[in-house]
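Bear in mind the structure is a predicted one, so any value in this text is a computation, not a measurement.
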Amino acid sequence: MKRVLLTLFFLHALGIVYLLHGLGFRVNFTDSMPHGIYQIVPGKPERGDLITFSLAEDNPYFQISLERHYLGLNGNRPLLKTLAGVPGDSIEISVEGVCINSELLPHTQARSSDRYGRKLPIFLNSTVIPSAKALALSTYTENSFDGRYFGLVNMDQVRRVIPILTFRLLKNSDLLRCCQKSKPSRMSNTLRPCIFLAPCISPFLNSLFNLE
């Protein structure tokens, strides 16, 4: 009986996940943008809006991203960024970062290599953004994989996103330390299985609606 109830519970939860996905809700667990729940909404994005898009297959970084898993382990996962530049905007690249219309954006200084020491090619140049193109960046952290590296994206491929709820997540190492400090007698029977199941559930959630 318990097995049947458990199966029904997971099927019900799965149905809710797909329903939320169909309504445009997405979850970001990456550090390149604030962790939280977002929703894809209709309407043309404007400069400063949050946007989501997938890296085009003809982009020079597409194959590099697949090989290095920049877009997740499940392939070309959508990205969550800020629409930093629109057609007609002037882009200037300097050692300090990216300037849009002579305004330096925070946390936009490009890195020469990733955290594993692999070289990061840079395909963004100083230019005026042409028609139907856009520049997607993260001004939240300098560690973001964004337009500083893969360059401009097609304006008609980006979708507007709004934040629903943002929060701060503990890193895996921090969570482990918290668990080690907690006495077994104080850890509830409900919390214990959640901690051990979290690594198994996370990839499933990521494959459905995680934004890089």
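- Paired with I91 under the rule side-chain contact (heavy atoms from CB on, under 4.5 Å), one option of L152, N125, V128 passes, and it is L152.
- Of all heavy-atom pairs spanning K81 and S144, the tightest one is NZ-OG, 2.7 Å.
- Side-chain N/O atoms of R68 and Y70 include a donor and acceptor closer than 3.5 Å.
- Residues satisfying the salt bridge (charged side-chain N to carboxylate O under 4.0 Å, His left out) criterion with D156, sequence neighbours excluded, are absent altogether.
- A134 and M155 get closest at one heavy-atom pair: CB-SD, 3.5 Å.
- The hydrophobic cluster containing L124 does not contain Y149, counting ILVMFWY residues as joined when their side-chain heavy atoms lie under 4.5 angstrom apart, directly or transitively.
- We find the CZ-CG distance between R77 and L55 to be 13.0 Å, quoted to the nearest 0.5 Å.
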Extract all donor-acceptor atom pairs below 3.5 Å that involve side chains of residues 59-66 and protein atoms in other chains or at least two apart in sequence.
residue : atom : partner : partner atom : Å
N59     : OD1  : Y61     : N            : 2.8
N59     : ND2  : F150    : O            : 3.0
Y61     : OH   : P121    : O            : 2.6
S65     : OG   : Y61     : O            : 2.6

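- Screening R111, Q109, R148 against E142 for a side chain to side chain donor-acceptor pair (under 3.5 Å) leaves a single residue, R111.
- For the atom pair CZ of R118 and CD of E67, the computed distance is 9.5 Å after rounding to the nearest 0.5 Å.
- When all heavy atoms of P45 and I51 are compared, the pair lying nearest together is CB-CG2, 3.7 Å.
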Checklist entry - For D31 and N143, what are the C-alpha separation, side-chain angles and deciding distance, and is it a side-chain contact (heavy atoms from CB on, under 4.5 Å)? => result CA-CA 8 Å; D31 295 329; N143 296 324; over 6 Å; no
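- Using a distance-only test at 3.5 Å, with no hydrogens or angles considered, a donor-acceptor pair links the side chain of H35 to the main chain of T30.
- Here the side chain of S138 pairs a donor or acceptor atom with the backbone of S32 at under 3.5 angstrom.
- Considering only heavy atoms from C-beta on, F145 comes within 4.5 Å of L71 through its side chain.
- Contact check for V158 versus D49: no side-chain heavy atoms found under the 4.5 Å cut-off.
- No more than 12 heavy atoms of other residues, nucleotides or ligands lie within 6.0 Å of CD in E96, so this atom counts as exposed by the packing criterion.
- Put simply, CG on L120 and OG on S113 are 6.5 Å apart, with the number rounded to the nearest 0.5 Å.
- Across all non-hydrogen atoms, the minimal contact from L50 to P163 is CD1-CD, 4.0 Å.
- One N or O on the side chain of S126 and one on the backbone of I93 form a donor-acceptor pair closer than 3.5 Å.
- Considering all non-hydrogen atoms of both residues, D89 and A84 come closest at OD2-O, 4.3 Å.
- To the nearest 0.5 Å, atom OH of residue Y38 and atom CD1 of residue I164 are 10.5 Å apart.
- With hydrogens and angles ignored, the 3.5 Å screen pairs no side-chain donor or acceptor of N154 with any backbone N or O of K133.
- I100 and V86 fall into different hydrophobic clusters, where Ile, Leu, Val, Met, Phe, Trp and Tyr side chains are chained together by heavy-atom contacts under 4.5 Å.
- Residue V161 is tested with L83, T52, T82 for a side-chain contact (heavy atoms from CB on, under 4.5 Å); the sole match is T52.
- Within a 6.0 Å radius of CZ in R3, other residues, nucleotides and ligands contribute 12 heavy atoms or fewer.
- Here the CG atom belonging to D146 is positioned 8.5 Å from the OG1 atom belonging to T108, to the nearest 0.5 angstrom.
- The backbone N or O of M33 lies less than 3.5 Å from a partner atom in the side chain of N28, making a donor-acceptor pair.
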Next on the checklist: Does V98 form a side-chain contact (heavy atoms from CB on, under 4.5 Å) with L135? I'd like the steps, not just the answer.
Outcome noted: CA-CA 11 Å; V98 179; L135 176 62; 4.2 Å; yes
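- Pairing each heavy atom of G36 with each of F167, the nearest pair is CA-CE2, 3.3 Å.
- Annotation: the span from N101 atom CG to R47 atom CZ amounts to 6.0 Å, rounded to 0.5 Å.
- If you chain together hydrophobic residues whose side chains sit under 4.5 Å apart, L79 and I122 fall into the same group.
- Summarising the local packing, CD of E103 is surrounded by 12 or fewer heavy atoms from other residues, nucleotides or ligands at distances under 6.0 Å.
- A search for ring pair (Phe, Tyr, Trp, His ring centres under 6.0 Å) contacts involving F53 returns nothing, not counting sequence neighbours.
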